[in-house]
Amino acid sequence: MVGSYPNLIVDSKGKVAIVRINRPEKLNALDDALMKNLGRAFSGIAGDKRYKAIVVSGDGGKAFCAGADIEHLSGLKSRKDIREFVDLTHSLMDRIAGIGKPVIAAIDGYCLGGGFELALACDIRIATSKSMFGLPEVKLGIIPGGGGTQRLPLLAGPSKAKELIFTGRIIGAKEALSIRLVDRVVSNGALGEAVSLADEICRNSGNSVRLAKAAINAGLTGQDFTAEADAFISAVLNRDSREGLRAFLERRRPEFD
Ligand code: COA
């Protein structure tokens with residue numbers, strides 16, 4: 001056992017640490033506490049020499065993660081609170097992306113919004129064929145604020161990323177594979193597949209893998225997370241977000257200008 005946190009189960013198999021988001025009643029949506037605990041869990045594993053790779057997944061069989069907690073988001077009113085939220089989100093995603101061990105997302109079910117951004121911050125993504133992907137934030141009157149505007153174009157190219165972000169459309173695993181948003185699709189057992197891939201990596205030099213990851217990431221230039229954070233704050237302060245977030249909670253279609 002690597003650590004115990006509310007809504008988070010952290011255990012291990014050999015040299016692979018396994019982080020499971022466990023808030024199934026809310027489709028593993030990320031609130032502040034869960035994001036902070038994910039950050040703590042990843043930091044703990046980063047410094048723990050017993051583990052050479054990390055797999056992250058979502059419990060419950062329905063979702064990897066359905067994104068930021070919309071109820072929590074709808075309560076953010078001041079620029080300061082929104083800034084704190086986006087900074088917390090960015091610091092979690094950056095921690096995952098920058099950790100000196102390979103991180104593999106094992107996706108089974110909905111992988112949306114901040115959940116998809118979490119998967120995009122990982123090094124490799126393995127999904128079951130029933131998984132669904134998307135950045136639906138514009139349907140809520142906001143924009144992706146967890147690195148999605150920067151990491152999605154790197155994988156799918158800018159125009160496909162714009163199509164997906166502007167429409168907020170949710171796509172299936174087959175399409176996600178065809179535009180390189182996921183690396184492997186399995187009929188079931190994404191977690192087992194991810195652990196076995198992690199095991200294969202763990203047979204190699206951890207130092208070499210760490211250096212290779214840092215070198216690859218260093219070559220992924222041109223990302224501007226500050227621009228995304230500023231745009232996110234501007235969107236959340238706009239009245240469209242009040243309508244969009246409220247509409248989700250009231251289970252109705254939003255009416256935007
Ligand atoms: N934040 C907070 N709660 C969420 C959530 C989120 N992002 N996604 C789902 N939930 C909650 C629902 O409110 C519901 O809670 P309740 O039972 O207390 O009402 C529960 O999780 C189950 O979700 P539900 O919508 O009833 O399931 P569904 O099968 O009908 O629909 C989705 C599944 C994923 C299509 C739908 O939940 C959805 O669109 N979620 C939001 C996705 C999103 O926009 N993410 C980006 C957020 S910035």
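Atoms within each ligand, like the ligands themselves, are counted from 1 in listed order.
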> Yes or no on side-chain hydrogen bond (donor to acceptor under 3.5 Å, both in side chains) for R95 and S43, after CA distance, side-chain angles and deciding distance?
Replying inline: CA-CA 8 Å; R95 189 169 306 189; S43 293; 2.7 Å; yes

> For C65 and I21, which heavy atoms make the closest approach, and how far apart are they?
Replying inline: CB-CD1, 4.5 Å

> Which of the listed options, A66, G113, G67, holds the heavy atom that is closest to atom 43 (C) of ligand 1?
Replying inline: A66

> Can you list the ligand 1 atoms lying under 4.0 Å from a non-hydrogen atom of D69?
Replying inline: 1 (N), 2 (C)

> Does an N or O anywhere in A68 fall below 3.5 Å from an N or O of ligand 1?
Replying inline: yes

> Is the closest N or O pair between E71 and ligand 1 shorter than 3.5 Å?
Replying inline: no

> Looking only at N/O atoms, are L140 and ligand 1 under 3.5 Å apart anywhere?
Replying inline: no

> Is K62 touching ligand 1 with its side chain, its backbone, both, or neither, if touching means heavy atoms under 4.0 Å apart?
Replying inline: side chain

> What heavy-atom pair brings I45 and K101 nearest, and what distance separates the two atoms?
Replying inline: O-NZ, 2.8 Å

> What part of E117 sits under 4.0 Å from ligand 1 if we count only heavy atoms: the side chain, the backbone, both or neither?
Replying inline: neither

>> Return the closest protein heavy atom for atom 4 (C) of ligand 1 as residue, atom name and distance.
In response: K26 O, 4.0 Å

> What do you think, any protein heavy atom under 4.0 angstrom from atom 30 (O) of ligand 1?
Replying inline: no

> Looking only at heavy atoms, which two atoms of F64 and G115 are closest? And how far apart?
Replying inline: CE2-O, 3.3 Å

>> Please list the nearest protein heavy atom to atom 1 (N) of ligand 1 with its residue and the distance rounded to 0.1 Å.
In response: I70 N, 2.9 Å

> Can an N or O of E137 be found at a distance shorter than 3.5 Å from an N or O of ligand 1?
Replying inline: no

> Which value, rounded to the nearest 0.5 Å, describes the distance between E117 atom CD and L112 atom CG?
Replying inline: 11.0 Å

> Which option out of F248, Y110, F116 puts a heavy atom nearest to atom 32 (C) of ligand 1?
Replying inline: Y110

>> Once rounded to the nearest 0.5 Å, what's the spacing between atom CZ of F85 and atom NZ of K80?
In response: 15.0 Å

> Atoms of ligand 1 less than 4.0 Å from E25 heavy atoms?
Replying inline: 20 (C), 21 (O)

> What is the nearest protein non-hydrogen atom to atom 37 (O) of ligand 1, stated with its residue, atom name and distance?
Replying inline: L27 CD1, 3.6 Å

> Aromatic rings H90 and F225: how do their planes relate, parallel, tilted or perpendicular, breaks at 30° and 60°?
Replying inline: perpendicular

> Which is it for L112 and ligand 1 at heavy atoms under 4.0 Å: side chain, backbone, both or neither?
Replying inline: side chain

>> Looking at E255, I want to see if its CD is surrounded by more than 12 non-hydrogen atoms of other residues, nucleotides or ligands under 6.0 Å.
In response: no

>> Can a donor-acceptor pair be found, under 3.5 Å and without considering hydrogens, that links the side chain of S131 to the backbone of A127?
In response: no

> In the protein, which heavy atom is nearest to atom 14 (C) of ligand 1, and how far is it?
Replying inline: R251 NH2, 3.8 Å

> What do the steps show when you test D108 against T128 for side-chain hydrogen bond (donor to acceptor under 3.5 Å, both in side chains), and what is the final call?
Replying inline: CA-CA 5 Å; D108 184 27; T128 56; 2.7 Å; yes

